[in-house]
Amino acid sequence: MLNILDLNLFELKLWMKENGESAFRGKQIFDWIYKGIYNFNDMKNIPKNTTDKLNKNFYFSIPQVLRKLKSQKDDTYKFLFKYKDGNIIESVVMKYKHGNSICVSTQIGCKMGCKFCASTLDGIVRNLTCGEILGQILKAQDEIGEKISNVVLMGSGEPLDNFYNVVKFIKLINAKEGLNIGQRHITLSTCGIVPKIVELADKGLQITLAISLHASNDVMRKEIMPVAHKYNINELIDGCKYYINNTNRRITFEYALVKGVNDSDKNAEELSSMLKGILCHVNLIPVNEIKENNFKKSSLESIKKFSNILIKNGIETTIRREMGADINAACGQLRRSYIEGKNNIKEV
Ligand code: SF4
């Protein structure tokens, strides 16, 4: 059986033609799917012999909702989704005045080993297909009863370690016959796999690239992000410059501030020199505290001080608001609590 959500319009039309149907039927089915109909029998203008054929060959990777949590502090929803094979992932929906944003997972688990992240603690199970990533958006839209207009690939998994599916997913959600989400409303966050950044730049997409940097020098980065042993900061910055030159897009550098580790004035100065002259923006984030490490959040005062040094040095900087802190909204935390059988968080 094939997952119909893995197919783009061209592929679906082709399948229909190759299976004795008209390509036009493919377009009709595609329209139903993106209207939220995930059962061929409910597609009113499709004849029975065609739906029989479709039922025999396809399934929909719409995940089942295991948990739906709503933050008491803000308009953040966290979903724990289960796929057909029993694997569990999480997605977060944040409601803003300018629209709804979803943070999707791209892999089950992650092999990258970043020290501050709960998603990597048990390694990787498998990649998600493009249709499975899309399924997170379709299900979340049904659950909140509203459209999603911004997509962030920043949940569990390293998107560039699942390159083919991620690029296809971006094209699928960007397609005007699909969800029609503008590329500039899509952000891909990577820990810094340099050759893949270059490959992505060559695709000429207009998405925003976010780099999880989190350190102002190689020694420190190697301590918290194993990927830094493979690609040093100079190589990473060169990859970013290549991306900017090819796409004309500003890069976001994510920097999670850990008390006493990477939040000193010296770190802020080092970071400023590293990013000088680069078309970029720094997003400062209070680190997510997870019980498996001893990281403590920097105080708001230190974060502001750090930010002021960057701004003084001409680096555009923002401090990210913590969303959904009361519902384990950080990457991988809820899935982990659930798997460990410790999920005592109240559902909506
Ligand atoms: S931060 Fe991202 S790349 Fe690093 S371990 Fe977590 S999911 Fe993987």
Side-chain angles (χ1 to χ4, degrees), residues 78-81 87-92 102-128 132-133 136 151-163 165-167 169 186-197 199-200 207-215 218 220-233 235-236 239-240 251-258 261-262 282-295 297 320 322-324 328-339:
K78 180 127 195 175
F79 294 98
L80 199 59
F81 286 140
N87 275 306
I88 295 167
I89 53 103
E90 46 191 70
S91 314
V92 180
I102 188 168
C103 176
V104 292
S105 293
T106 53
Q107 296 180 312
I108 293 165
C110 182
K111 69 177 184 208
M112 303 312 294
C114 305
K115 289 270 166 46
F116 46 83
C117 176
S119 296
T120 194
L121 292 167
D122 296 320
I124 185 164
V125 179
R126 67 171 176 85
N127 282 334
L128 291 173
E132 286 176 323
I133 308 171
Q136 298 169 44
V151 177
V152 184
L153 292 90
M154 206 184 273
S156 295
E158 162 55 57
L160 296 185
D161 187 42
N162 185 11
F163 195 85
N165 281 303
V166 160
V167 170
F169 162 74
I186 302 170
T187 299
L188 182 153
S189 171
T190 175
C191 66
I193 304 178
V194 177
K196 293 290 174 189
I197 293 175
E199 207 178 326
L200 184 69
I207 60 170
T208 300
L209 181 66
I211 305 289
S212 296
L213 187 61
H214 309 312
D218 280 316
M220 181 191 293
R221 198 160 193 265
K222 280 179 188 166
E223 269 175 36
I224 55 175
M225 300 181 73
V227 69
H229 289 276
K230 206 156 178 193
Y231 310 108
N232 64 33
I233 287 179
E235 289 165 331
L236 177 58
C240 291
I251 287 193
T252 297
F253 288 97
E254 308 275 350
Y255 195 102
L257 286 149
V258 187
V261 175
N262 63 358
V282 173
N283 199 7
L284 298 175
I285 314 156
V287 77
N288 291 309
E289 295 179 1
I290 56 171
K291 68 170 174 24
E292 288 80 0
N293 64 40
N294 291 320
F295 293 159
K297 271 185 198 80
R320 192 198 288 170
E322 283 183 277
M323 302 280 287
N328 283 11
C331 168
Q333 278 182 298
L334 180 63
R335 172 176 178 258
R336 207 168 161 75
S337 319
Y338 185 87
I339 291 171

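Worth saying up front: this structure is predicted, and the values here are computed from it rather than measured. Order of listing sets the numbers, starting from 1, for every ligand and every atom in it.
Ligand-side atoms of ligand 1 in range of T120: 5 (S), range being under 4.0 angstrom from any heavy atom. Listed by number with element, the atoms of ligand 1 under 4.0 Å from a non-hydrogen atom of C114 are 1 (S), 4 (Fe), 5 (S). When each atom of ligand 1 is checked for a heavy atom of C117 under 4.0 Å away, the hits are 1 (S), 5 (S), 6 (Fe), 7 (S).
Look at S212 and you'll find every heavy atom at least 4.0 Å from all atoms of ligand 1.
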- Item | Pair E90-K78, salt bridge (charged side-chain N to carboxylate O under 4.0 Å, His left out): steps then yes or no | CA-CA 7 Å; E90 46 191 70; K78 180 127 195 175; 2.6 Å; yes
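Using a distance-only test at 3.5 Å, with no hydrogens or angles considered, no donor-acceptor pair links the side chain of E254 to the main chain of I285.
For C110 against T120, the heavy-atom pair with the smallest separation is O-OG1, 2.9 Å. Counting all heavy atoms, side chain and backbone alike, F116 lies closest to H214 at CZ-CD2, 3.3 Å. Minimum heavy-atom separation, N162 to T106: ND2-O, 2.9 Å.
Taking 2.8 Å as the threshold, C191 does not count as a candidate ligand of atom 6 (Fe) of ligand 1, since none of its N, O or S atoms lies below it. Metal site remark for atom 8 (Fe) of ligand 1: C110 contributes an N, O or S atom at a distance under 2.8 Å.
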